[in-house]
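Okay, structure first, notes after.
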Amino acid sequence: MGVQYMPGFGNDFETESLPGALPQGQNSPQRPAYGLYAEQLSGSPFTAPRGTNERSWLYRIRPSVKHTGRFSAVRFDSWKSAPNLGDHELALGQLRWNPMPLPNAETDFLAGVHTMTTAGDAQGQAGMATHVYAFNSSMVDDYFFNADGELLLVPQEGGLRLKTEMGIIEIQPGEIAILPRGMIFQVELMSGPARGYMCENYGAKFTLPDRGPIGANCLANPRDFKTPVAWYEDKERPCRLFVKWCGQFHVTEIGHSPLDVVAWHGNYAPYKYDLSTYSPVGAILFDHPDPSIFTVLTAPSGEEGTANIDFVIFPPRWMVAEHTFRPPWYHRNIMSEFMGLIKGQYDAKEEGFVPGGASLHNMMLPHGPDAFGFDKATKAELKPVKLEDTMAFMFETRFPQHLTRYAAETDTLQDNYIDCWNDLKKRFNGTPEGDWS
């Protein structure tokens, strides 16, 4: 039987991998079944309101105190945390990158993460970091948890098997996974090397955006989010647990696997989502709605309507607006936008923005369709057109995103990105018709 999941977003789940392992009617019996240990994993303060209070009870072979020994400092120099200022000398500008190359040397997930931007402050639990990853080797006896924030993984090439304390998640390009802050996990390859993107959320956890006037349906529907059923690994051999804590990395050696949760119940858990199940809403008469209409998940900042992070996608959809410039309009924005492309083309950037690549338009820097896209859109016959075989996304944040040295100096940085607007010409000639020649 393949990997199994439970549907729903933010549900209070219960699951067991051995019959009777999950206590009924209480959380902490004197002697749990199978000789297990009861342990609570809290994702919020004890006194958080019921709607945001997150915790799960885990019933495991050993308590987590047995999954750590003496820690030693270790370095992953390509993974940076905010604040990370003054890391390079590249001047401000709109930026775009080609895909990160796949490694030649043996590289696992932790070594394959390269930070592109940081924003806010990891220790202040506000802001985010954007990363790209490329690796060709599974983690075998190594495990990891991130105390600085939850992780949103967006594969672009190659599938991932995420073995977590609370079950197994498998994702392919076109799917995403969320790993909560503090969740122990291991990353395996499913078929060949893997490449993709990752957002590290230092702030309040991701949730579904309010739909407002849209009502009860469409966008990302809760039933399409999948949480894994309980699974455990009873492995007795030398293992290592790596930890990211306040921007620093540490490692401890243990004699067994820490993925030993036999049963659990609660609402603090990892989950996956298939982007193809997103039901987009858009203009059906004229004009182009704000891109916020395509928000899948949002991490609130405490200021209503101003997100710590929005995860936005640009999926296949029909374009039907009349007498309308259909691609995204030219824009300056208080939010900062990091974009990636999983497959196909992005309608505002039909040349130079390729799958596996990325772009950054920081707060108040102008951006919009390239000259080719503008010319095509202004001359197109405005009949119904379906954008197919495409999936772009955006990590958007209220904070300015600061480049890392890697992002500023990597060979994949496109020196000529700014030239994509060179051929936009003056069309004003003093007449109402303008010059559209």
Side-chain angles (χ1 to χ4, degrees), residues 90-98 280-295 310 312-355 357-397 400-401 403 412-437:
L90 185 66
L92 182 67
Q94 302 96 327
L95 301 170
R96 190 165 68 189
W97 293 265
N98 289 321
V281 175
I284 55 174
L285 188 59
F286 64 88
D287 279 353
H288 190 293
D290 295 340
S292 51
I293 201 72
F294 298 126
T295 301
D310 281 332
V312 180
I313 65 171
F314 302 95
R317 60 200 184 276
W318 280 97
M319 309 286 277
V320 300
E322 301 173 356
H323 49 82
T324 292
F325 181 78
R326 290 179 176 176
W329 17 255
Y330 295 100
H331 192 207
R332 290 183 295 160
N333 189 5
I334 195 169
M335 305 288 276
S336 298
E337 304 172 359
F338 180 94
M339 286 196 66
L341 184 61
I342 299 170
K343 66 176 182 177
Q345 287 184 327
Y346 176 53
D347 57 328
K349 297 287 193 308
E350 296 193 26
E351 296 182 344
F353 187 39
V354 298
S359 68
L360 176 65
H361 302 121
N362 246 315
M363 55 186 297
M364 290 306 172
L365 287 182
H367 52 281
D370 57 24
F372 176 82
F374 177 85
D375 186 64
K376 180 179 176 180
T378 54
K379 295 177 180 177
E381 179 185 356
L382 293 181
K383 61 183 180 180
V385 174
K386 187 176 183 182
L387 294 179
E388 297 187 275
D389 193 34
T390 182
M391 185 63 75
F393 72 89
M394 180 165 64
F395 300 143
E396 185 179 59
T397 177
Q401 296 192 46
L403 291 183
T412 63
L413 180 64
Q414 297 180 6
D415 293 334
N416 63 344
Y417 174 45
I418 194 73
D419 298 338
C420 76
W421 295 294
N422 280 355
D423 292 336
L424 291 170
K425 65 182 182 179
K426 178 182 177 181
R427 299 182 181 275
F428 175 81
N429 64 3
T431 70
E433 297 78 16
D435 177 11
W436 294 95
S437 59

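Side chain of D290 to main chain of S292: no donor-acceptor pair is present (N/O by atom type, distance under 3.5 Å, no hydrogens or angles). The backbone N or O of M363 sits less than 3.5 Å from a side-chain atom of S336, completing a donor-acceptor pair. When atom types are taken as modelled, the side chain of Q401 and the backbone of N362 share no donor-acceptor pair closer than 3.5 angstrom.
Taking CZ from R317 and OG1 from T390, the interatomic distance works out to 7.0 Å, rounded to the nearest 0.5 Å. To the nearest 0.5 Å, atom NE2 of residue H288 and atom CE of residue M319 are 5.0 Å apart. Taking CZ from F393 and CG from L341, the interatomic distance works out to 8.5 Å, rounded to the nearest 0.5 Å. Note that CE of M391 is 10.0 Å distant from CG of D389, once rounded to the nearest 0.5 Å. Atom CG of N98 sits about 9.0 Å away from atom CG of L413, to the nearest 0.5 Å. Between atom CG of residue L95 and atom CD1 of residue I418 there is a gap of 8.5 Å, rounded to the nearest 0.5 Å.
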Practice task
Evaluate the side-chain contact (heavy atoms from CB on, under 4.5 Å) criterion for residues I334 and M364: first the C-alpha distance (whole Å), next the side-chain angles of each, then the deciding distance (0.1 Å), finally the verdict.
Solution key: CA-CA 6 Å; I334 195 169; M364 290 306 172; 4.1 Å; yes
Exercise for the section: Given side chain to side chain donor-acceptor pair (under 3.5 Å), test N333 with E396 step by step and report yes or no. Expected result: CA-CA 10 Å; N333 189 5; E396 185 179 59; 3.2 Å; yes
Exercise for the section: Go through the steps for T378 and F325 under the test side-chain contact (heavy atoms from CB on, under 4.5 Å), then give the verdict. Expected result: CA-CA 7 Å; T378 54; F325 181 78; 4.0 Å; yes
Practice task
Quick one: do Y346 and M339 satisfy side-chain contact (heavy atoms from CB on, under 4.5 Å)? Show the steps, please.
Solution key: CA-CA 10 Å; Y346 176 53; M339 286 196 66; 3.8 Å; yes
Exercise for the section: Show the numbers, then the answer: is there a side-chain contact (heavy atoms from CB on, under 4.5 Å) between M394 and F314? Expected result: CA-CA 8 Å; M394 180 165 64; F314 302 95; 4.2 Å; yes
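Side-chain contact check for S359 versus Q94: every heavy-atom pair is 4.5 Å or farther apart. Within the 4.5 Å cutoff, no side-chain heavy atoms of H361 are placed close to those of F338. Inter-residue side-chain proximity for F353 and D370 is flagged as unmet; no heavy-atom pair is nearer than 4.5 Å.
Among pairs with a residue in residues 320-332, none fulfils side chain to side chain donor-acceptor pair (under 3.5 Å), at least two apart in sequence or across chains.
Taking all atoms of both residues into account, the shortest heavy-atom contact from P289 to G282 is CG-CA, 4.2 Å. P315 approaches F294 most closely through the heavy-atom pair CD-CD2, 4.4 Å. Nearest heavy-atom pair, P355 versus I342, reported as atom, atom and distance to 0.1 Å: CB-O, 3.7 Å.
Using bins of under 30°, 30° to 60° and over 60° for the plane-to-plane angle, the ring pair F374/W436 lands in the parallel bin.
No side-chain donor-acceptor contact under 3.5 Å links D310 and T295. Judged purely by distance below 3.5 Å, without hydrogens or angles, the side chains of N429 and T431 pair a donor atom with an acceptor atom.
Crowding of D287 atom CG: a count of heavy atoms from other residues, nucleotides or ligands under 6.0 Å exceeding 12. Atom CD1 of I284 has 12 or fewer neighbouring heavy atoms from other residues, nucleotides or ligands inside a 6.0 Å radius.
By the side-chain contact (heavy atoms from CB on, under 4.5 Å) test, N416 pairs with Q414, D419, sequence neighbours left out.
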